[in-house]
There are 2 protein chains.
Amino acid sequence: MEKPPRIALDRNAWIHGAIDVVAADGMDGLRVEVLAKKLGVTKGSFYWHFKDRRDLVDAVLDTWREGRIRDIRKQTAAEAGAELAALHHTIDVYAAAKNRKGIAIEAAIRMWARQDAATAAIVEDVDATRLDCTRTLFLALGLSDAEAKARSVLLYAYVFGFSMMQCGKFPMDAARTRRWIMERITQ
Amino acid sequence: MEKPPRIALDRNAWIHGAIDVVAADGMDGLRVEVLAKKLGVTKGSFYWHFKDRRDLVDAVLDTWREGRIRDIRKQTAAEAGAELAALHHTIDVYAAAKNRKGIAIEAAIRMWARQDAATAAIVEDVDATRLDCTRTLFLALGLSDAEAKARSVLLYAYVFGFSMMQCGKFPMDAARTRRWIMERITQ
DNA sequence: GTTTTTCCATACGGTAGGGTATTGAAACGC
DNA sequence: GCGTTTCAATACCCTACCGTATGGAAAAAC
């Protein structure tokens with residue numbers, strides 16, 4: 001019997017494992033002992049790296065905020081003249097079905113933010129950053145500031161809202177609908 | 001000391017109490033013993049009216065579905081010629097800040113639907129009904145079926161998405177933005 | 001090689017809560 | 001009045017977890 005080599009976990013391994021759990025089961029589903037078993041250790045390890053469960057939750061939220069802010073800046077980066085394409089790209093990336101995990105985390109954290117003020121503040125930061133990024137793109141297209149803001153709000157509300165809807169029983173041409181809506185938001 | 005008169009609870013009292021809890025704490029926050037204490041009884045009563053916790057959850061979901069379907073039909077009812085006003089009214093009612101509890105329940109149930117297939121089917125029913133109700137209004141305004149569907153999807157995605165956003169740190173004229181978006185969706 | 005630090009296992013106490021079994025009391029049928 | 005039905009209280013058992021205390025092994029420091 002080979003003895004498995006000792007691979008020490010760090011806070012980061014716990015945080016990323018926790019994010020997976022949050023995506024699957026929501027913030028309430030994040031349990032220290034369950035996560036420990038998933039990582040192949042016991043909670044003795046957990047309480048070495050974290051003060052308590054709340055410490056992990058805060059770390060998850062911080063990691064999420066930093067990641068989301070970095071991501072939206074990257075996705076909305078556009079050379080001069082490519083702003084419209086960048087907007088289309090942003091909608092595609094954020095509303096895409098391939099982004100199931102990201103959407104699940106968004107929903108879980110926003111749900112949790114209803115009960116937790118600190119989380120609500122983090123969501124506010126992320127949303128403000130996102131809204132500002134697309135506002136900049138709309139401004140570059142020559143729109144007024146008020147219209148750039150309104151279109152940004154519509155863009156994100158659509159993206160988040162669509163990800164929460166279940167259109168399975170509503171017969172439609174999904175691709176065509178997507179295209180129509182994207183035009184409506186950006187032009 | 002007056003002895004409080006015995007007021008027998010029925011399933012409905014439990015269900016409505018449960019809906020309040022779900023709005024406040026999500027589906028995971030719905031606990032038999034906690035709800036019993038809130039209703040001033042013990043869980044001995046609960047297990048008289050319900051087989052188990054899942055039985056209550058199912059009852060909550062059924063009640064929610066029936067209520068939501070009845071409500072959307074009522075809100076989108078329009079005399080001939082008043083279809084546009086009905087659309088505006090629908091957006092107002094569903095996106096309104098005054099509807100905090102309704103929004104919280106929507107979010108909680110949609111979150112729960114990620115883990116529970118039966119719930120996902122119920123959400124699908126509600127969404128299909130809602131989409132169809134506004135589609136009918138758009139059709140009455142003379143739009144093509146494809147466009148009527150696309151506008152309906154945009155309408156609900158916006159309403160749900162906006163309720164999940166935290167725009168506190170994004171400075172804007174909220175009323176004016178709302179008006180702009182409403183026009184963009186309906187006209 | 002010994003000491004120290006790092007990381008984890010084990011064992012334990014405590015609370016919350018699901019579900020059952022039993023008892024009890026009020027209301028109802030007659 | 002008297003039995004029956006309806007609804008709720010009580011007492012349990014059991015599981016899932018949080019958090020702590022302590023011991024122990026591996027690695028690093030020296």
Side-chain angles (χ1 to χ4, degrees), chain A residues 1-63 108 111-112 115-116 118-119, chain B residues 1-63 108 111-112 115-116 118-119:
Chain A
M1 289 292 275
E2 291 272 332
K3 193 188 288 183
R6 172 166 170 161
I7 303 166
L9 297 176
D10 57 0
R11 274 179 73 97
N12 237 279
W14 283 95
I15 293 170
H16 284 93
I19 289 177
D20 288 348
V21 172
V22 170
D25 301 329
M27 200 64 84
D28 293 317
L30 181 54
R31 305 288 158 183
V32 173
E33 285 185 304
V34 176
L35 178 56
K37 182 164 291 186
K38 204 187 115 175
L39 294 179
V41 294
T42 66
K43 62 182 173 178
S45 168
F46 177 83
Y47 287 101
W48 171 260
H49 295 287
F50 298 88
K51 180 180 173 296
D52 53 22
R53 181 179 174 279
R54 178 74 213 196
D55 189 16
L56 173 63
V57 170
D58 288 338
V60 165
L61 293 171
D62 270 9
T63 302
M111 187 72 205
W112 175 240
Q115 305 173 237
D116 187 73
T119 304
Chain B
M1 290 292 274
E2 292 271 333
K3 191 188 290 187
R6 169 164 173 161
I7 304 165
L9 298 175
D10 56 0
R11 274 180 73 98
N12 238 280
W14 284 95
I15 292 170
H16 283 94
I19 288 177
D20 288 349
V21 172
V22 170
D25 300 329
M27 200 64 85
D28 293 316
L30 181 55
R31 305 286 157 186
V32 172
E33 284 186 304
V34 176
L35 178 55
K37 182 164 290 185
K38 204 187 115 175
L39 294 178
V41 293
T42 66
K43 62 181 173 178
S45 170
F46 177 83
Y47 287 100
W48 171 260
H49 295 287
F50 297 87
K51 180 179 173 295
D52 51 21
R53 182 178 173 278
R54 177 75 213 196
D55 190 16
L56 173 62
V57 170
D58 288 339
V60 165
L61 293 171
D62 270 10
T63 302
M111 187 74 205
W112 174 240
Q115 306 172 237
D116 187 74
T119 305

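Below, chain A is the first sequence line, B the second, and so on; all start at residue 1.
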A.B. asks: Applying the salt bridge (charged side-chain N to carboxylate O under 4.0 Å, His left out) criterion to R11(B), which one of D62(B), D58(B), D55(B) satisfies it?
C.D. replies: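 Among D62(B), D58(B), D55(B), the one meeting salt bridge (charged side-chain N to carboxylate O under 4.0 Å, His left out) with R11(B) is D55(B).
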A.B. asks: When the ring planes of F50(A) and W14(A) are compared, do they come out parallel, tilted or perpendicular, using 30° and 60° as the limits?
C.D. replies: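 Ring orientation, 0 to 90° scale: perpendicular.
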A.B. asks: Let me know the distance between NZ of K37(B) and C1' of dG17(C), rounded to the nearest Å.
C.D. replies: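 Whole-Å distance recorded here is 11 Å.
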A.B. asks: Could you check how far CZ of R54(B) sits from P of dG18(C), rounded to whole Å?
C.D. replies: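 Value for this atom pair: 14 Å.
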A.B. asks: What residues from residues 39-48 of chain A pass a heavy-atom cutoff of under 4.0 Å to DNA chain D?
C.D. replies: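 Output list: K43(A), Y47(A).
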A.B. asks: Identify the two heavy atoms, one from L30(B) and one from V21(B), that lie closest to each other, and give their separation to 0.1 Å.
C.D. replies: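 Closest approach of L30(B) to V21(B), heavy atoms only: CA-CG1, 3.9 Å.
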A.B. asks: Quickly work out the L35(A) CG to dA16(D) C1' distance and round it to whole Å.
C.D. replies: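 That distance rounds to 15 Å.
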A.B. asks: Pair Y47(B), V32(B) - check side chain to side chain contact (heavy atoms under 4.5 Å, CB included), show working.
C.D. replies: CA-CA 9 Å; Y47(B) 287 100; V32(B) 172; 4.0 Å; yes
A.B. asks: Just by modelled atom types, is the L9(B) backbone N or O under 3.5 Å from a matching donor or acceptor in the H49(B) side chain?
C.D. replies: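 Checking the backbone N and O of L9(B) against the side chain of H49(B), a donor-acceptor pair under 3.5 Å is found.
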A.B. asks: Side chains of H16(B) and N12(B): donor-acceptor distance under 3.5 Å anywhere?
C.D. replies: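 Judged by distance alone, the side chains do pair up.
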A.B. asks: With a 4.0 Å heavy-atom cut-off, tell me which residues in residues 17-27 of chain A come close to DNA chain D, sorted by residue number.
C.D. replies: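 Within residues 17-27 of chain A, no residue comes under 4.0 Å of DNA chain D.
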A.B. asks: Any idea which heavy atoms bring K43(B) and A36(B) closest together, and the distance?
C.D. replies: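 Taking every non-hydrogen atom into account, N-CB, 3.8 Å.
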A.B. asks: Output yes when at least one side-chain N/O atom of H49(B) is less than 4.0 Å from OP1 or OP2 of dT6(D), else no.
C.D. replies: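 For dT6(D), neither OP1 nor OP2 has a side-chain N or O of H49(B) closer than 4.0 Å.
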A.B. asks: Starting at CZ of R53(B) and ending at C1' of dA16(D), how long is that distance when rounded to a whole Å?
C.D. replies: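 Rounded to whole Å, this separation is 14 Å.
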A.B. asks: Check the surroundings of atom NZ in K38(B): do more than 12 heavy atoms from other residues, nucleotides or ligands lie under 6.0 Å from it?
C.D. replies: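 Atom NZ in K38(B) is packed in, count exceeds 12.
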A.B. asks: Side chain of V32(B) only, heavy atoms from C-beta on: which candidate in dG17(C), dC18(D), dG18(C) is closest?
C.D. replies: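 It is dG18(C).
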A.B. asks: Return the value, rounded to whole Å, for the distance between atom CG of D55(A) and atom P of dG19(D).
C.D. replies: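 Between P of dG19(D) and CG of D55(A): 10 Å.
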A.B. asks: Atom CD of E33(B) and atom P of dA11(D): how far apart are they, to the nearest Å?
C.D. replies: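 Roughly 14 Å, once rounded to whole Å.
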A.B. asks: For R31(A) and dA16(D), give me the distance from atom CZ to atom C1', rounded to whole Å.
C.D. replies: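 Between C1' of dA16(D) and CZ of R31(A): 9 Å.
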A.B. asks: Just verifying a value: how many Å separate L61(B) CG and M27(B) CE, rounded to the nearest 0.5 Å?
C.D. replies: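 It is 4.5 Å, given to the nearest 0.5 Å.
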A.B. asks: In whole angstrom, give the distance that lies between atom CZ of F50(A) and atom P of dC7(C).
C.D. replies: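 Checked: the CZ to P distance equals 12 Å.
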